[in-house]
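A quick write-up on the structure given underneath.
Here is how names work: the chains are called A, B, and so on, in the same order as the sequence lines, proteins then strands, and each is numbered from 1. Only this structure's heavy atoms are used, side chains among them; waters, hydrogens and symmetry mates stay out.
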There are 2 protein chains.
Amino acid sequence: MNQALSRSNSAQGALFTDLDGVTAEILLNAASQRQFPAGATLFHQGDAPSQLFQVGTGLVRLTRVNPEGEQTTLRFMGPGDLVGCVAVFRQFPFPATATASKPTTVLSWGAAQILDLLRRYPTVSANALDTVGDRAREMVDRLAEMTDKSVEARVASVLLRLVSQVGRNGSTGLEIGKPVTRKDVSEMAGVSYFTVSRILGDWQRQGLVRLGRARIVALDPRRLAQVAT
Amino acid sequence: MNQALSRSNSAQGALFTDLDGVTAEILLNAASQRQFPAGATLFHQGDAPSQLFQVGTGLVRLTRVNPEGEQTTLRFMGPGDLVGCVAVFRQFPFPATATASKPTTVLSWGAAQILDLLRRYPTVSANALDTVGDRAREMVDRLAEMTDKSVEARVASVLLRLVSQVGRNGSTGLEIGKPVTRKDVSEMAGVSYFTVSRILGDWQRQGLVRLGRARIVALDPRRLAQVAT
DNA sequence: CGACTCGTTGAGACAACTCAATGGGTGTGG
DNA sequence: CCACACCCATTGAGTTGTCTCAACGAGTCG
């Protein structure tokens, strides 16, 4: 029952790019398929990185606890994304906690196993480098945004990023996968909860977005991109 | 002529870690040594990544132009750091501009050349992954700081990071390599110029730092770390 | 000795935050 | 199936920390 899923979904992108059939097979066989119910945690911030995950279906939220003990959302990961890749490849503690935001299936590899595969198969290793590079670049972009964009522009950027990363094409617009709250958005944009609520309210009145409980639909991505400057 | 320098300085860290002598030799021979006077630019934001650089001596500043055309400092790179690694390995345009802040020597490899070396030598490739992973992690940390630390704490973090990355042990404390201005600090912390000036002024009165023109000495790193929470 | 860059300080404005109260959804358990 | 608890969201009012703008001071370089 899971084969179809693995083939069609997980065995794409990330580590599997450009692999010949044999190598892809080996990589896939080395992985085990796992399920997490909504709310379950894949790993905790500070844990030794013993497992690498690739999301198959569902949604994973990466959060961080700051010194004051508050949780803040760092980003979401959807189908095809490698969760924990930086920590596993580099072998330092997970810098964030990963929890399933809805029922989620993943492929997982043991750390030793995946490091061995990296050593053995240059293409896999190249894919790992690409993936980590993409992550680094995204973080640089986000960091730059934080310093030189206005609050409103940052919120728009976060929305667009969410749509492209974990969105799907709904009936009326680009819809963000279910459980994304105002609080999540506010933490990703580095803005207070209430300010996000007000901004989104304004945008709804202007027809840019449609809002629901833990749900945001981007009705007009182009104007949002303008707001994001 | 350059061997002594290359050996003692550049052929450390980054790509050279754990290399056997032969491979290190190959890597070193593939590189060419170059000099940049203060103010010269190694590459521009948006350029195709044709060269990878490793700083030998000196200091490189990475800046970004935002849509409004203002330059903002992203970070500094000192001896041993790989400049442009993410872009070169991943082959997307440089996300920032690199300029020499003081006279700087670098090792440089052509993009095609370094990609070929990566393919051929797994240890080099592993080192590349480590380096990019470190970069990604630093960016995640900085991003998290931006969202959940106070302005003062962020300035302290920036100072400590500068000290650890490009600092040296001066006579009275950890000194930041010469040409780091208040403006640089403010941009890295995501704070206005004036606010940084005021905060640093306070800290000088409290004996935490000593200030000069484009110069900051951390007299009491432990208390700074407390401020950075 | 100018010209330039870098830094400091003050005063005022405003955007975003904090705090508090209210209102809808959603899901669970009796 | 209703009632309750809980989570998510909205809105208002008041405060404040940071930014903006302007003027001045001081170090550095040619």
Heavy-atom closest contact (Leu74(A) atom, Ala96(A) atom, distance):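 Minimum heavy-atom contact is CD2-CB, 4.4 Å.
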Mutual orientation of the aromatic rings belonging to Phe36(B) and Phe53(B) [parallel < 30°, tilted 30-60°, perpendicular > 60°]: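 Perpendicular, since the angle between the ring planes exceeds 60°.
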Rounded interatomic separation in angstrom, taking [atom1] from [X] and [atom2] from [N]:
X	N	atom1	atom2	answer
Ile199(B)	dT9(C)	CD1	P	14 Å
Asp202(B)	dG10(C)	CG	C1'	14 Å
Tyr193(B)	dT20(D)	OH	P	14 Å
Leu211(B)	dT9(C)	CG	P	10 Å
Gln204(B)	dT8(C)	CD	P	8 Å
Lys183(B)	dG7(C)	NZ	P	11 Å
Arg205(B)	dG7(C)	CZ	P	15 Å
Lys149(B)	dC17(C)	NZ	C1'	20 Å

Phosphate contact ([N] OP1 or OP2) by [X] side-chain N/O below 4.0 Å:
X	N	result
Arg213(A)	dC8(D)	no
Arg182(A)	dC8(D)	no
Ser197(B)	dT8(C)	yes
Thr195(B)	dC19(D)	yes

Do [X] and [Y] pair up side chain to side chain, a donor and an acceptor below 3.5 Å, judged on atom types alone?
X	Y	answer
Asp184(A)	Thr181(A)	yes
Gln45(B)	Gln71(B)	no
Thr229(B)	Lys149(B)	no

Among dC8(D), dC19(C), dT18(D), the one nearest Phe194(A) by side-chain distance: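 Shortest atom-to-atom distance from the side chain points to dC19(C).
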Side-chain-base donor-acceptor pair under 3.5 Å for Arg198(B) and dG17(D):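 There is none.
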Touch class at under 4.0 angstrom, heavy-atom based, for Leu200(A) against every strand present: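 No contact at all - Leu200(A) keeps every heavy atom at 4.0 Å or more from the nucleic acid.
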